[in-house]
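Residue numbers run from 1 in the order of the sequence given.
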Amino acid sequence: MLIAVQLLMKREGELEAQLAKVSIPVIAASTFSTQSTSEGGKKEEEEDDIDLFGSDDEEDTEAERIKEERLVAYAAKTSKKPALIAKSNMILYVKPWDDETDMAEMEKQVRSIQCDGLLWGAAKLVPLAYGIKKLQISSVVEDDKVSVDWLQEQIEAFEELVQSVDIAAFNKNMKTAWLRIEE
């Protein structure tokens with residue numbers, strides 16, 4: 001084993017001596033050099049000041065300034081767009097107490113409920129049973145302004161005419177208040 005260690009140490013010395021004879025050029029990571037031949041045959045070195053691993057404060061501040069300008073422009077552009085207005089289309093069945101209930105008066109009372117965000121539509125009488133007809137009336141409500149439960153309670157408050165109110169159809173619509181914005 002002693003002989004093996006001596007042989008390895010001898011080989012290591014030989015390799016180190018060979019390495020000293022050979023010169024390996026080292027390229028720095030922060031700069032690049034190019035060699036070109038001029039007309040007189042002289043070699044010139046041009047160095048580019050490119051720092052691949054460092055930070056360039058000038059470019060960072062310029063990029064931040066451009067980014068801020070774009071964010072401000074985007075915010076100004078999107079603020080001009082109108083907001084979405086959530087609306088619901090409803091068809092209500094308003095049922096009377098009996099066949100002697102004045103349906104014209106019932107419709108008049110139902111349409112007398114007025115508030116911001118409520119729009120009444122078409123109404124018609126639909127046969128229910130045994131000669132009794134129910135009032136079918138459509139409406140459009142803005143969800144933020146009018147509650148469906150509130151509307152049902154208001155209609156059912158006409159106790160002498162209305163027995164109950166059912167929702168026959170309910171559709172949500174997302175409509176935009178379209179305004180022409182000149183840019």
Exercise. So L135 and M103, side chain to side chain contact (heavy atoms under 4.5 Å, CB included) or not? Walk me through it.
Worked result: CA-CA 7 Å; L135 176 66; M103 299 303 284; 4.1 Å; yes
Seminar exercise, completed: Separation between CD1 (I155) and CH2 (W150), nearest 0.5 Å, reads 9.0 Å
Problem set entry | NZ/NE/NH1/NH2 to OD/OE distance under 4.0 Å, K95 and D166 | yes
Exercise. Name the one of V141, N173, L119 that satisfies side-chain contact (heavy atoms from CB on, under 4.5 Å) with N89?
Worked result: N173
Problem set entry | Test log, rule side chain to side chain contact (heavy atoms under 4.5 Å, CB included), inputs S88 and V148 | CA-CA 9 Å; S88 299; V148 176; 5.8 Å; no
Exercise. So if you build clusters from Ile, Leu, Val, Met, Phe, Trp, Tyr with side-chain heavy-atom gaps below 4.5 Å, do L118 and I167 land together?
Worked result: yes
Exercise. Is it the case that more than 12 heavy atoms not belonging to E159 sit under 6.0 Å from its CD atom?
Worked result: no
Problem set entry | Straight-line distance of L92 CG to K134 NZ, nearest 0.5 Å | 11.5 Å
Problem set entry | Residue pair L161, Q109: steps toward the side chain to side chain contact (heavy atoms under 4.5 Å, CB included) verdict | CA-CA 9 Å; L161 299 172; Q109 291 292 325; 3.7 Å; yes
For this session: Step through the shown structure and confirm whether more than 12 heavy atoms of other residues, nucleotides or ligands are within 6.0 Å of CZ on R65.
Result: yes
Exercise. Is there side-chain contact between M106 and P96, with heavy atoms separated by less than 4.5 Å?
Worked result: yes
For this session: Would you indicate whether I3, at its atom CD1, is surrounded by more than 12 heavy atoms from other residues, nucleotides or ligands within a distance under 6.0 Å?
Result: no
Problem set entry | Within-4.5 Å side-chain heavy-atom neighbours: L2 and Q6 | yes
Exercise. To the nearest 0.5 Å, what is the distance between CD1 (I66) and OG1 (T61)?
Worked result: 9.5 Å
Problem set entry | Under 3.5 Å donor-acceptor, W120 side chain and V140 backbone | no
For this session: Before giving the answer on side-chain hydrogen bond (donor to acceptor under 3.5 Å, both in side chains), spell out for E156 and Q152 the whole-Å C-alpha distance, their side-chain angles and the decisive distance to 0.1 Å.
Result: CA-CA 6 Å; E156 289 174 350; Q152 281 183 316; 5.6 Å; no
Exercise. Between CD of Q136 and OH of Y93, what distance do you get to the nearest 0.5 Å?
Worked result: 4.5 Å
Exercise. Can any side-chain N or O of R111 pair as donor or acceptor with the backbone N or O of G121 at less than 3.5 Å?
Worked result: yes
Exercise. Given K133 and L128, is the side chain to side chain contact (heavy atoms under 4.5 Å, CB included) satisfied, shown in steps?
Worked result: CA-CA 5 Å; K133 295 184 178 182; L128 184 59; 5.9 Å; no
For this session: Say whether V165 and I91 are linked into one hydrophobic cluster, either directly or through other cluster members, by side-chain heavy-atom distances under 4.5 angstrom.
Result: no
Exercise. Hey, does the side chain of D143 reach the backbone of V146 with a donor-acceptor pair shorter than 3.5 angstrom?
Worked result: no
Seminar exercise, completed: Rounding to 0.5 Å, atoms CD (E12) and CG (L8) come to a distance of 8.5 Å
Problem set entry | Path from I137 to W97 over hydrophobic side-chain contacts below 4.5 Å | no
Problem set entry | Gap between atom NZ of K145 and atom NZ of K87 - 0.5 Å precision | 9.0 Å
